[in-house]
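See below for the structure under consideration.
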Amino acid sequence: MPAVPRDSSPTPRRLLARLRRLMARATDLATRLDGLVHLVAGEFVAEVCSVYVMRPGEILELAATEGLRPEAVHRTRLRVGEGIVGTAAAEARPLNLPDAQNHPAFAYRPETGEEAYASMLAVPVLRGAEVLGVIAVQNRAPRRYAEDEVEALETVAMLLAEILHGAHPPAEEAVLSLPGAMARHYEGVGLTPGIALGPVVRHGRRSAPRTVLAEDPEAELGRLRAAARAMQRAVDAILEGPARRAGHEPREVLEAYRLIAADQGWLGRIEAVVRDGLTAEAAVERVLADLRARMRQVADPYLRERLADIEDLAGRLIDHLGGGAEADPVEGGFILIARRVGPAELLDYHARGLAGLVLEEGSPTAHATIIARALGLPLLAGCRGATDAAVPGELAVLDAEEGRLVLRPEAEIVAGYRAALAAREARRAAEAGLREAEPRTRDGVRLTVMINAGLLMDLPHLAATGADGIGLFRTEIAWLARGGLPDLETEEALYRDVLAAAGDKPVLFRTIDLGGDKLLPGFAHEREENPAMGWRSLRIGLDRPAMLRRQLRAMLGAAAGRRLSVMFPMVTTVEELRAAKALLAAELRAAERRGAAPAEVQAGAMLEVPALVWQLPALLEEAAFLSVGSNDLTQFLFAADRGNPRLAGRYDFLSAPVLDLLEQVGCAAAAAGVPVGLCGEAAARPLEALAVFGVGIPQISVPPASVPAVKAMVRSLDLTAFRTFLAGLRRSARGGASLRADIAAYARDHGIALE
Ligand code: PEP
Ligand code: MG
């Protein structure tokens with residue numbers, strides 16, 4: 001498309017100066033809008049500029065135009081979502097189209113005469129999350145509007161928001177009563193376990209800036225800089241306290257955040273917009289809107305996390321400018337609902353009595369998740385629309401274990417959860433007594449219950465739960481938390497700390513499992529159609545042997561003089577395991593030459609890819625131990641994305657395909673004398689753990705919070721009798737039907753503790 005010549009682009013400063021003069025001259029809405037479309041069309045060298053205003057019932061009405069037929073004003077109407085204008089409103093983002101008429105959303109309105117115009121730039125007029133209208137420019141010639149034109153029209157849209165809001169401020173009661181009194185249920189993904197019941201606090205609904213155009217840009221710059229300094233001091237103060245007390249990783253997350261707070265790039269862009277004539281508050285919002293639009297195209301979770309940090313900081317900066325966030329009532333034991341939340345904000349809320357967190361966005365490795373886990377807060381993610389539907393102060397139930405959020409819950413639900421919380425409290429007290437108890441069945445079988453870990457802060461759980469060891473240490477989590485590859489010394493120190501905390505108990509170090517949803521900034525991850533089945537995990541390690549060898553070197557160094565167990569993830573062929581072992585052997589020889597080798601080194605494989613099941617004889621000759629990666633194995637077995645909430649309940653782990661496979665692996669490993677366990681999250685609940693033990697896998701590794709309940713289950717179990725029952729049940733099972741109800745009924749009838 002022909003680029004727009006630079007000298008024809010509107011300069012924001014000139015445009016804003018003219019708009020300011022216009023606003024001073026015209027006072028009624030119609031004259032202001034007419035003047036604005038005329039002025040913008042001239043500045044943009046556009047044949048058309050139109051303003052559409054939101055009417056009740058989500059209708060966008062043409063309110064002023066330069067270039068379209070005047071008789072279309074107040075006649076042409078589009079529903080939100082209809083046409084280009086309706087789409088810009090529905091998606092709350094600009095649409096920049098060189099050939100608008102051939103866009104699938106185009107809706108022809110003959111009264112406008114717009115068939116003559118090929119290109120169109122439509123920008124929503126936003127006030128906070130509310131869409132007040134759309135402003136559009138059109139040109140006869142097909143062209144893509146330049147980036148500075150899009151930004152200039154967004155700036156005009158901010159001013160337009162101020163004009164429209166001033167003309168029709170929404171009735172406060174109408175807005176507040178919108179969500180209604182009915183209960184609303186949301187499904188989400190529990191990222192850290194737990195249940196909370198309490199009043200809602202809604203985060204991140206800032207009110208829009210009161211004024212957009214600055215009277216005196218120099219004075220405005222001074223105000224911005226003073227606020228930025230005050231914000232940086234306040235951020236430093238927040239990060240000092242809790243960051244000192246938390247483990248290494250949150251401190252690194254928070255340091256990254258501190259760097260953004262002082263980042264001259266971000267602040268410099270805000271200053272540039274202030275120089276163009278916007279108020280400091282409006283400039284902060286302008287730059288943020290821009291970043292949001294860019295980030296929409298970015299899939300990398302780590303870059304998206306930077307956006308969460310910046311949103312957090314933008315809110316703070318506006319607070320320091322005196323703008324102020326929506327004042328929500330805050331009481332102890334509250335549930336925070338947010339689109340996303342930054343790490344320092346989360347610490348702030350924690351200090352004020354936060355009981356649980358609901359995010360519309362969020363991922364297992366997000367900064368907020370890492371902090372929430374460190375603070376032991378239940379966290380539910382993926383509840384789209386919850387922020388807008390939540391009413392501050394009203395009651396909500398957050399169940400991160402069942403993946404459920406209920407706003408304004410019915411009385412029975414509240415009563416049910418109150419009882420569950422009380423029972424949980426009582427159980428916690430009883431479970432503390434289980435710490436020293438062995439997971440030995442009533443018929444005398446000693447089973448093994450270990451924990452999954454990945455951060456230093458997970459380690460105290462080993463002693464607290466009395467688990468048998470760390471059955472899965474996810475080494476990539478620390479890399480992800482620090483946002484890059486650690487140096488050898490740091491990595492070796494971390495592994496040494498892990499081994500020291502474990503004492504005599506075994507630790508199975510899993511080599512890096514990057515790729516899939518675990519992307520490291522700066523690492524050459526290419527966009528893949530199916531990342532879970534793509535270039536990830538051991539595949540990356542074998543293609544980047546220097547990186548894998550460095551990690552193995554760190555592990556060997558950390559385990560000097562003691563036993564090291566290394567576990568390779570996503571092994572797909574026995575040849576891959578051999579290749580990985582060869583790298584380990586080379587590093588071991590080097591460690592021996594340095595005189596700092598472990599006393600014993602074991603190399604095992606994770607069984608996550610079903611293809612390995614048909615290589616068991618050769619695999620069991622190569623592997624010192626096997627660990628079934630239950631999350632990935634289940635996803636690959638059922639071809640069901642483990643992160644897709646829509647598929648979460650569709651296929652049951654407690655069904656023949658999984659249980660038959662586990663039994664086959666358990667039998668083959670036992671016959672070969674190779675220890676076998678199951679790790680990941682699948683056996684986190686006592687019922688699933690019961691079935692895993694029942695098919696002959698004697699060792700599991702589960703999240704620490706699951707250990708007491710699993711131990712209690714084991715101690716109430718007659719394994720021999722259960723195995724007989726389970727074998728019969730599986731013989732009579734048809735296809736892939738769930739066996740859950742039958743197993744649960746047996747457990748109930750035989751006094752097996754499942755809660
Ligand atoms: C698994 O897949 O079960 C596993 C333990 O690995 P991940 O870290 O992928 O959950
Ligand atoms: Mg896995």
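Remember, it's 1-based here, ligands and their atoms both numbered in the order they're listed.
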Please write down residue, atom name and distance for the protein heavy atom closest to atom 3 (O) of ligand 1.
Asn631 N, 2.6 Å
Nearest protein heavy atom to atom 6 (O) of ligand 1, by residue and atom, and its distance?
Arg510 NH1, 3.2 Å
For ligand 1, which atoms have a heavy atom of [X] less than 4.0 angstrom away?
X      : answer
Cys679 : 3 (O), 5 (C)
Gly680 : 3 (O), 5 (C)
Asp632 : 1 (C), 2 (O), 3 (O), 9 (O)
Leu472 : 5 (C)
Glu608 : 1 (C), 2 (O), 4 (C), 6 (O)

Heavy-atom distances under 4.0 Å decide this one: backbone, side chain, both or neither, for Arg642 against ligand 1?
side chain
Would you mind telling me if ligand 1 is within reach of the side chain of Asp513, the backbone, both or neither, using heavy atoms under 4.0 Å?
side chain
Among the N/O/S atoms of Glu608, the Mg ion (ligand 2) lies closest to OE2
Asp632: its N/O/S atom lying closest to the Mg ion (ligand 2) (atom name)
OD2
Under 3.5 Å, is there a donor-acceptor pair between the Asn452 and Ser701 side chains?
yes
Are a donor atom and an acceptor atom from the side chains of Thr572 and Arg539 found within less than 3.5 Å of each other?
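Yes, a side-chain donor-acceptor pair sits under 3.5 Å.
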Thinking salt bridges, do Glu622 and Arg578 make one under a 4.0 Å N-O criterion?
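Salt bridge: yes.
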Salt bridge present between Arg474 and Glu681 (N-O < 4.0 angstrom):
yes
Could you check Arg730 against Glu663 for salt bridge (charged side-chain N to carboxylate O under 4.0 Å, His left out), going step by step and ending with a plain yes or no?
CA-CA 11 Å; Arg730 288 172 48 224; Glu663 182 182 56; 2.9 Å; yes
Ser565 pairs by side-chain contact (heavy atoms from CB on, under 4.5 Å) with which of Phe625, Phe509, Phe473?
Phe625
For Thr475 and Gln551, what are the C-alpha separation, side-chain angles and deciding distance, and is it a side chain to side chain donor-acceptor pair (under 3.5 Å)?
CA-CA 9 Å; Thr475 57; Gln551 183 178 41; 2.9 Å; yes
Drop me the distance from Thr192's OG1 to Leu377's CG, to the nearest 0.5 angstrom.
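Going from OG1 on Thr192 over to CG on Leu377, the span is 6.5 Å.
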